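Proteins get letters first, then strands, A, B, ... in listed order; numbering begins at 1 in each. Predicted model only: the values in this text are computed from it and were never measured.
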Amino acid sequence: MFLREIPILLHHGRQYVPDLRHVELPDTFRGRPVISPDITPEENTMIASLCPVAAIGVQPCSIDLGKCVFCKECGFILPGKIKFTSDYRMATNDRKKLVILPGEEGPLRLDPGKIRDEIHRIFRRSLKLRQVSAGGDNSAEMELNAAGNVNFDMGRFGIEFVASPRHADGIVITGPVTSNMAEALQICYEAIPDPKLVILAGSDAIGGGMFSDSPAINRSFLKQVAIDLFIPGNPPHPLTFINGVLDLIGHEQ
Amino acid sequence: MEERKYIELTGNPVIMELSDIPVLEYQEFRQLIDDLLKNERAHCLTYFVYPQRDRRQFICCMGMDVKHTILVFSHEQAAMNGLLLESITQRHFCFHVFEREIHENYGIGFIGHPWLKPVRFPFDRADQSITMNAYPFYSIDGEELHEVGVGPIHAGVIEPGYFRFICHGENVLHLEIQLGYQHRGIERNFIAKSTLLQRAILAESIAGDTTIGHSMAFGGLMETLGDQPVSPQMSLERAIALELERIAAHIGDTAAICGDIAYQFGQVVNEALRTIVINTTQRWCGNRFGKGLIRPGGAHYPLTPEIKLLILKNLAEVEGRFTQITGRMFTMPSVLGRFEAIGTVTAQQAKTIGAVGMAARSCGLMRDIRWSHPFGAFRDIQVDPVALPSGDVWSRTMLRKLEVDRSIAMIREFLERHDCMGATETPTNNMPLRQNSFALSLTEGWRGEICHAAITGDRGELVHYKVKDPSFHNWMALALAVRNQEISDFPLCNKSYNLSYCGNDL
């Protein structure tokens with residue numbers, strides 16, 4: 001009866017990525033940037049003026065991954081000084097850590113001291129999340145869906161997206177938070193029972209991205225709540241998301 | 001000599017002096033639209049207002065699908081409050097959404113418009129007293145009827161939008177869709193952001209799932225206004241990226257459609273195939289959606305021989321497995337029972353509402369910019385768009401399967417013509433634009449016709465930018481598809497279109 005399925009299954013093979021912690025992404029992937037310590041002030045000023053989202057700071061030179069849209073324009077202009085590595089593990093719970101300084105080559109990790117006590121205890125083996133897109137361009141949303149698909153399968157860790165905020169342990173926000181969506185986002189957040197997590201996924205959500213100064217945006221909600229996790233990317237890669245969440249809930253490395 | 005009523009332009013993108021756009025009396029303008037739309041193969045590409053200090057110019061672009069030309073004409077009105085115009089929608093319903101948009105943005109009334117409702121609640125709308133919470137939904141009184149409201153946040157991980165159904169038992173009598181939750185002020189940002197790079201990134205984020213489609217339309221528009229056409233090799237690379245995007249979207253949607261009919265086997269197999277396609281794009285340009293690949297003037301990521309081989313290898317893999325799974329899927333009675341005669345839209349309905357792209361072709365209405373107004377590398381190859389007549393979920397799903405096949409064949413043809421020497425031009429950040437000009441650029445994204453229009457001022461600065469995503473027209477097709485269907489078929493109908501919220505909301 002299932003004769004016709006057999007060849008399809010054989011070609012389909014085993015699709016899941018066994019070790020989500022250590023995947024080699026292609027070297028073209030634009031992940032965590034590294035700034036050379038010998039970048040000159042002139043070079044710094046030049047790339048800062050070209051950055052489309054003012055993510056590059058001057059003296060000291062810095063790249064703020066909470067604003068960066070990963071266009072790599074600075075890396076194309078100064079290939080010897082700015083390098084975007086293929087390291088996809090960029091999520092952190094400390095907003096300040098997202099600001100990369102010259103010579104910083106180490107991996108970006110969470111600050112264990114800033115993780116609330118109950119998070120490991122309650123969510124380590126099961127985390128249900130409600131996603132709200134508030135002006136996201138649908139690429140971040142698709143990557144979050146992909147995090148649960150047959151390849152990345154975050155369900156293996158007990159992490160999944162649920163339909164109702166009442167069933168959720170936290171909220172994952174994408175998009176710069178449009179004025180038209182601000183109220184719905186607030187209502188959804190309030191409907192989630194305590195204790196709850198707030199996760200920002202993507203440059204748009206963390207810093208507003210291209211829309212940080214748009215008059216159609218209202219980010220006041222984000223000022224009222226404590227953010228548990230920042231996941232950079234444009235959009236964030238499913239691996240960036242899964243690894244960030246695993247680190248947050250205290251899953252082994 | 002009689003003054004011309006319109007300027008007929010050939011090519012795509014097109015450019016002309018702003019002052020050369022004929023300005024007609026409104027009566028004459030309406031008459032011209034009547035005359036032009038007698039041609040079955042003409043359709044309105046865009047109709048928008050270019051506001052100036054004391055007057056407003058209403059610019060209309062009509063696409064002549066068989067002649068492959070674009071007609072440009074306009075009318076002008078004083079910039080005053082409470083202006084009333086006789087609506088064009090009364091005679092040509094396909095104008096309904098253009099007139100709604102103009103009404104919402106500028107407060108212009110259209111006499112006889114049956115449905116002058118908000119489109120997206122933009123931050124700078126003319127009437128600030130209309131709020132998201134007070135959308136004027138259509139309602140029917142009746143003891144046996146009930147209403148169902150869904151949204152703006154939906155069950156899945158998708159964008160927000162509000163759906164209001166009027167139902168008789170399980171049957172949907174009427175669906176009304178309220179959008180605008182995703183409004184980020186894209187068009188205003190195109191003017192506010194001054195560098196080419198900023199604008200290119202904005203174009204990429206109009207709809208992230210159509211990154212290539214929108215950034216190609218933007219790139220072509222800027223290169224036309226800047227008189228810096230790209231090489232044929234570069235055009236080939238862009239066309240390949242566009243078709244890869246189409247393949248990934250169609251296979252991803254096939255997976256989601258399978259998910260909605262609880263055919264999990266089809267869902268996982270197709271999901272895995274989509275991953276192969278978007279990872280190919282990622283290997284090429286570092287981003288699974290192609291962000292960063294298309295820049296005005298050139299590209300940072302050349303199509304190397306290595307990438308070419310990877311594309312060919314992965315497409316062969318995807319083609320074989322996709323043929324296998326769809327071959328199985330379309331012969332299963334339990335699948336066909338959920339596809340056939342569900343969510344049917346007729347060709348006449350599609351034409352009436354001005355449907356474009358996939359939504360039109362799945363009802364037998366042949367609208368495909370790659371064929372009617374070919375751009376870039378599509379000028380040099382034979383494009384045979386697929387159209388299927390039945391207009392139901394089966395038709396929209398089968399169309400995806402057939403378009404994937406065509407796109408794979410097209411990519412192979414493009415790759416044959418590409419020399420892969422890796423010496424294509426690099427992007428520019430300096431592109432002075434032609435002054436006082438109007439330009440229009442069309443591409444066929446995977447959902448359908450994408451239209452970008454720009455107007456420049458005295459110093460070549462951008463003074464007006466207009467974006468039209470295919471979903472702007474096609475949301476109405478979804479509303480019609482669910483009429484007289486069971487409400488439980490809504491998710492399937494919705495997924496079979498997979499329209500863009502942010503593309504509509506801008």
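Taking the side chain as every heavy atom from C-beta outward, B:Phe265 and A:Ile8 approach each other to under 4.5 Å. Side-chain contact between B:Arg274 and A:Met142 is present, with at least one heavy-atom pair separated by less than 4.5 Å.
Smallest separation of non-hydrogen atoms from B:Gln282 and A:Pro26: NE2-CD, 3.7 Å. Among all heavy-atom pairs drawn from A:Met210 and B:Leu202, the shortest one is CE-CG, 4.0 Å. Minimum heavy-atom separation, B:Leu197 to A:Pro52: CD2-CD, 3.7 Å. Taking both residues in full, the closest heavy atoms of B:Gln182 and A:Gly135 are given as OE1-N, 2.5 Å, listed atom of the first, atom of the second, then distance. In plain terms, the two heavy atoms of A:Arg130 and B:Ile153 that are nearest each other are NH2-CG2, 3.3 Å. Annotation for B:Asn189 and A:Phe211: closest pair ND2-CD2, 3.8 Å, computed over non-hydrogen atoms.
When heavy atoms are compared at a cutoff of 4.5 Å, A:Pro165 does not approach chain B at all. Within the 4.5 angstrom heavy-atom criterion, only side-chain atoms of A:Ala146, from C-beta onward, approach chain B. Contact of B:Arg184 with chain A is made through backbone and side chain together, with heavy-atom distances under 4.5 Å. Using a 4.5 Å cut-off between heavy atoms, B:Asn279 makes no contact with chain A at all. Interface residue A:Phe152: only side-chain heavy atoms are found under 4.5 Å from chain B. Looking at A:Leu50, both its backbone and its side chain come within 4.5 Å of chain B, counting heavy atoms on both sides. Residue B:Ser205 touches chain A through both its backbone and its side chain, counting heavy-atom pairs closer than 4.5 Å. No part of A:Val172 comes within reach of chain B, as not one of its non-hydrogen atoms sits under 4.5 angstrom from that chain. Using a 4.5 Å cut-off between heavy atoms, B:Tyr301 touches chain A through its side chain atoms alone.
Comparing B:Ala272, B:Pro122, B:Gly503 by heavy-atom pairs within less than 4.5 Å of chain A, the highest count is held by B:Ala272. When each of A:Pro235, A:Ala140, A:Ser179 is checked for heavy-atom pairs under 4.5 Å with chain B, A:Pro235 comes out on top. Listed options A:Gly233, A:Ala184, A:Pro176, A:Gly136 were ranked by heavy-atom pairs under 4.5 angstrom with chain B; first place goes to A:Gly136. Comparing A:Arg30, A:Gln131, A:Met181 by how many heavy-atom pairs each has under 4.5 Å with chain B, the most go to A:Arg30. For the set A:Phe84, A:Phe161, A:Phe29, the entry with the most heavy-atom pairs within less than 4.5 Å of chain B is A:Phe29. Ranked by non-hydrogen atom pairs under 4.5 Å with chain A, the options B:Arg295, B:Gln198, B:Gln267 are led by B:Gln198. With chain A as partner, the option from B:His183, B:Arg288, B:Met132 having the largest number of non-hydrogen pairs under 4.5 angstrom is B:Arg288. Looking only at heavy-atom pairs under 4.5 Å with chain A, the residue among B:Ala155, B:Pro152, B:Cys502 that has the most is B:Ala155. Here B:Gly180 is the residue among B:Gly180, B:Ala255, B:Ala200 with the most heavy-atom pairs under 4.5 Å with chain A.
Checking side-chain atoms of A:Ser133 against main-chain N and O of B:Pro160 turns up no donor-acceptor pair under 3.5 Å. Not a single donor-acceptor pair under 3.5 Å links the side chain of A:Glu141 to the backbone N or O of B:Ile158. At distances below 3.5 Å, at least one donor-acceptor pair connects side-chain atoms of A:Asn180 with backbone N or O atoms of B:Phe121. Side-chain atoms of B:Glu271 come within 3.5 Å of backbone atoms of A:Val150 as a donor-acceptor pair (strictly under, hydrogens ignored). Not one N or O on the side chain of A:Asn138 forms a donor-acceptor pair closer than 3.5 Å with the backbone of B:Ser500.
A distance of 6.5 Å separates OG1 in A:Thr28 from CD1 in B:Ile307, rounded to the nearest 0.5 Å. Put simply, NZ on A:Lys72 and CG on B:Asn287 are 12.5 Å apart, with the number rounded to the nearest 0.5 Å. For the atom pair CD of A:Glu73 and CG of B:Asn429, the computed distance is 5.0 Å after rounding to the nearest 0.5 Å. Rounding to the nearest 0.5 angstrom, the gap separating the CG atom in A:Leu25 from the CZ atom in B:Arg283 is 11.5 Å.
Side chain to side chain, B:Glu317 and A:His11 fail the donor-acceptor criterion of an N or O pair below 3.5 Å. For the 3.5 Å distance criterion, the side chains of B:Glu204 and A:Asn234 fail to qualify, holding no donor opposite an acceptor. Between the side chains of B:Thr331 and A:Arg4, at least one donor N or O lies within less than 3.5 Å of an accepting N or O. For the 3.5 Å distance criterion, the side chains of A:Asn151 and B:Thr275 qualify, holding a donor opposite an acceptor.
Within 6.0 Å of the CD atom in A:Glu183, the count of heavy atoms belonging to other residues, nucleotides or ligands does not exceed 12. Under a cut-off of 6.0 angstrom, the local environment of CD in A:Gln186 is crowded, with over 12 non-hydrogen atoms contributed by other residues, nucleotides or ligands. Annotation for A:Glu24: atom CD does not count as buried by contact number, only 12 or fewer foreign heavy atoms lying within 6.0 Å.
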For B:Phe289 and A:Glu143, run side chain to side chain contact (heavy atoms under 4.5 Å, CB included): C-alpha distance rounded to whole Å, both residues' side-chain angles, the deciding distance at 0.1 Å, then the answer. CA-CA 10 Å; B:Phe289 296 83; A:Glu143 290 297 57; 3.5 Å; yes

Derivation and outcome, side chain to side chain contact (heavy atoms under 4.5 Å, CB included), residues B:Val269 and A:Gln15: CA-CA 9 Å; B:Val269 170; A:Gln15 288 292 329; over 6 Å; no

Between A:Ser214 and B:Arg188, does the side chain to side chain contact (heavy atoms under 4.5 Å, CB included) criterion hold? Intermediate values first, please. CA-CA 8 Å; A:Ser214 169; B:Arg188 187 61 75 89; over 6 Å; no

